[in-house]
Amino acid sequence: MNGTATATRRLGASPARLQERIDAFAALSEPDSGPGVTRLAYTPLERRAHAAFTREMTALGLTAWTDEAGNTIAERAGTQPDLPALGTGSHLDSVPNAGAYDGIAGVVAAMETARLYAEHGIEHAHPVRFVAFAAEEGARFGQACTGSRIAAGLTGPEDLDTKVDADGISLADAMRAVGLEPRDVSRARWAPGEWAAFLELHIEQGSVLESTATPVGVVDRISGSTRLRLDVTGRASHTGGTPMHLRADAMTAAAEIVLLAEALANDTRHRGTRISVGKLEALPGSLTTIAGQTRLYVDVRDVDSDRQRHTAAELVERAQDVCLRRKVALAATTLADASPVVLPRQLRDVIAATCGDLGIDYRVLPSGASHDSQMVNHVVPTAMLFVPSRDGISHSPVEWTSADELAVGTEALAAGLLALDRQFRRPAPEAADGGQA
Ligand SMILES: [Zn+2]
């Protein structure tokens, strides 16, 4: 669409270098935490990963800094420094017992891109910023994409005291513990005029690319997510002494709610909706005591924002009926809520054309998982590239993408950014087609 065919070429992304970086980051994992990689948001280990990113980028001559939210940005100067920046990157934190690729793939691809630009002496008009976002995973505090949310101005100091981890440590305290100042996070906000476009590479975390033998996915939309905590309160009592008809059992009510969630997602009105109860706690947690309390964590995802919210509301309403019938009480709390996002068509077309020019087969597909792209698209037009995930598995130690597949994605990323550089030098591009679906 923009006459980039003659200029677009492969730069020789190195599978070996990509793998080396993947392995180096994977080695930064909590000791004695079981299989896979555990490097949670706002921990010293996450900071060490950011420091490793900074070291390689500054060695390449880039200027790097860490913002108040803990995001690390490394800038390669453009030939027209007054132009807004192009950006690429992803995150370096993980869920507990994660694989080595979620988030990391996009950061190592960004690092390889910086390396290739340096090796080939490539010039770009816009400054190019390579970004490692902080705290993308919602595993620790219930809220995903904290670093990019702050960058997009979607959350600020006022929210950071209200999110707590399983040990009762607030997001704000966790940030302080690693040397960040939560009161100053507003300074990490990206001004819209400061950025021209953003492009994130990520593993698919699904099996569409693998099952169709397609090396690259171009993402058109990202699911939204509503996260709920459901507290069921019954009455703890002796499992032997309490007859079945006199129980107020919080466990059986929770069991019914779990199955209700599954049935709701599976009914024909909710095609494409995904509801999961990924975590369930029971108190007092004794073999010989009927559970007096249960706590369910529910994640409702959809690419349709109305259906997402209606489904969450319907689940709570029907769970209330279950609890009423079972003579237990229910309290529902919304932990986090993010709208689905349609990524701007214009950027997607540039990236698709770049893949075409490079002879890389691609397909357009939605993302079921949430990403930093979803957040930064609020302030800068954003595109996303997927590389295949073996068996579609992610958030697991067996998560895997081959170094060759990662290298192909990196070629698309490196050439895609240069195509955007040419595209955005032209007279004012049209605005993104909105952040909300
Ligand atoms: Zn991720």
Side-chain angles (χ1 to χ4, degrees), residues 18-41 43 45-46 49 90-109 132-146 165-166 200-215 217 219 222-223 225 227 258 261-262 265 274-281 296-301 336 365-374 384-406 409:
L18 287 161
Q19 190 62 52
E20 229 170 83
R21 295 187 192 99
I22 290 281
D23 294 343
F25 282 121
L28 297 175
S29 179
E30 295 292 348
D32 310 320
S33 58
V37 179
T38 299
R39 191 170 56 245
L40 302 188
T43 56
L45 267 180
E46 186 201 34
S90 195
H91 59 95
L92 284 173
D93 63 317
S94 83
V95 297
N97 306 112
Y101 296 87
D102 176 0
I104 323 311
V107 177
V108 302
F133 290 109
E136 191 271 350
E137 297 293 355
R140 183 171 178 194
F141 296 103
Q143 171 180 268
C145 306
T146 297
D165 71 7
E200 178 180 11
L201 179 145
H202 203 281
I203 56 167
E204 184 197 341
Q205 305 177 288
S207 51
V208 174
L209 295 178
E210 184 184 56
S211 63
T212 57
T214 314
V219 178
I222 304 174
S223 288
S225 157
R227 292 173 185 178
V258 171
E262 185 188 48
R274 291 164 192 197
I275 313 182
S276 316
V277 182
K279 187 173 168 184
L280 173 60
E281 295 162 353
L296 301 86
Y297 292 83
V298 190
D299 187 9
V300 181
R301 306 222 185 194
L365 78 181
S367 171
S370 45
H371 297 292
D372 293 310
S373 284
Q374 198 170 352
M384 271 199 98
L385 282 169
F386 274 169
V387 290
S389 294
R390 187 173 63 184
D391 299 331
I393 295 175
S394 182
H395 284 190
S396 153
V398 301
E399 177 184 273
W400 190 73
T401 299
S402 78
D404 288 333
E405 288 169 323
L406 200 46

* Worked check of side-chain contact (heavy atoms from CB on, under 4.5 Å) between Val95 and Val37 -> CA-CA 8 Å; Val95 297; Val37 179; over 6 Å; no
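- When every heavy atom of Ile275 is checked against every heavy atom of Ala265, the shortest pair comes out as CG1-CB, 3.6 Å.
- Not a single donor-acceptor pair under 3.5 Å links the side chain of Ser276 to the backbone N or O of Gly278.
- The residue from Thr146, Leu40, Asp165 that alone fulfils the side chain to side chain contact (heavy atoms under 4.5 Å, CB included) condition with Phe141 is Asp165.
- A distance of 7.5 Å separates SG in Cys145 from NE2 in His91, rounded to the nearest 0.5 Å.
- Here the side chain of Arg140 pairs a donor or acceptor atom with the backbone of Ala41 at under 3.5 angstrom.
- Going from atom CG of Asp404 over to atom CG of Leu18 covers 9.5 Å, rounded to the nearest 0.5 Å.
- When only modelled atom types and interatomic distance are considered, Ser389 and Gln205 share no side-chain donor-acceptor pair under 3.5 Å.
- At distances below 3.5 Å, at least one donor-acceptor pair connects side-chain atoms of Thr401 with backbone N or O atoms of Pro388.
- Of the possible polar contacts, one joining the Glu204 side chain to the Leu209 backbone as a donor-acceptor pair under 3.5 Å is found.
- Taking the six-membered ring for Trp and the full ring otherwise, the centers of His395 and Tyr101 sit at least 6.0 Å from each other.
- Here Trp400 contributes atom CH2 and Asp391 contributes atom CG; the two are 10.5 Å apart, rounded to the nearest 0.5 Å.
- A side-chain donor-acceptor contact under 3.5 Å links Ser211 to the backbone of Val208.
- Leu406 places a side-chain heavy atom less than 4.5 Å from the side chain of Ile22.
- Once rounded to the nearest 0.5 Å, the distance linking CD1 of Ile104 with CZ of Phe25 reads 7.0 Å.
- Listed here is the closest heavy atom pair of Ala139 and Pro96: CB-CD, 3.7 Å.
- Donor-acceptor pairing under 3.5 Å is lacking for the side chains of Glu210 and Ser207.
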* To do: Apply side-chain contact (heavy atoms from CB on, under 4.5 Å) to the pair Phe386 and Ile203, showing each step before the final yes or no.
  => CA-CA 5 Å; Phe386 274 169; Ile203 56 167; over 6 Å; no
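- Side-chain N/O atoms of Glu399 and Ser394 include a donor and acceptor closer than 3.5 Å.
- A heavy-atom distance below 4.5 Å is not found between the side chains of Glu137 and Gln143.
- Of all heavy-atom pairs between Val277 and Ala261, the closest is CG2-CB, 4.4 Å.
- With no hydrogens or angles considered, a side-chain donor-acceptor pair links His202 and Asp102 at under 3.5 Å.
- No hydrogens or angles considered: a donor-acceptor pair under 3.5 Å links the side chains of Asp299 and Ser225.
- Ile222 places a side-chain heavy atom less than 4.5 Å from the side chain of Ser373.
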* To do: Just do the side-chain hydrogen bond (donor to acceptor under 3.5 Å, both in side chains) check on Glu46 and Thr43 with the steps written out, would you?
  => CA-CA 5 Å; Glu46 186 201 34; Thr43 56; 5.5 Å; no
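- The heavy-atom pair separating Ser223 from Arg301 by the smallest distance is CB-CB, 4.5 Å.
- Taking 4.5 Å as the limit, every side-chain heavy atom of Glu30 sits out of range of all side-chain heavy atoms of Arg39.
- In plain terms, the two heavy atoms of Ser90 and Gly103 that are nearest each other are CB-O, 3.2 Å.
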* To do: Determine, step by step, whether Glu200 and Leu385 satisfy the side-chain contact (heavy atoms from CB on, under 4.5 Å) criterion, reporting the C-alpha distance in whole Å, the side-chain angles of both residues, the deciding distance to 0.1 Å, and the verdict.
  => CA-CA 6 Å; Glu200 178 180 11; Leu385 282 169; over 6 Å; no
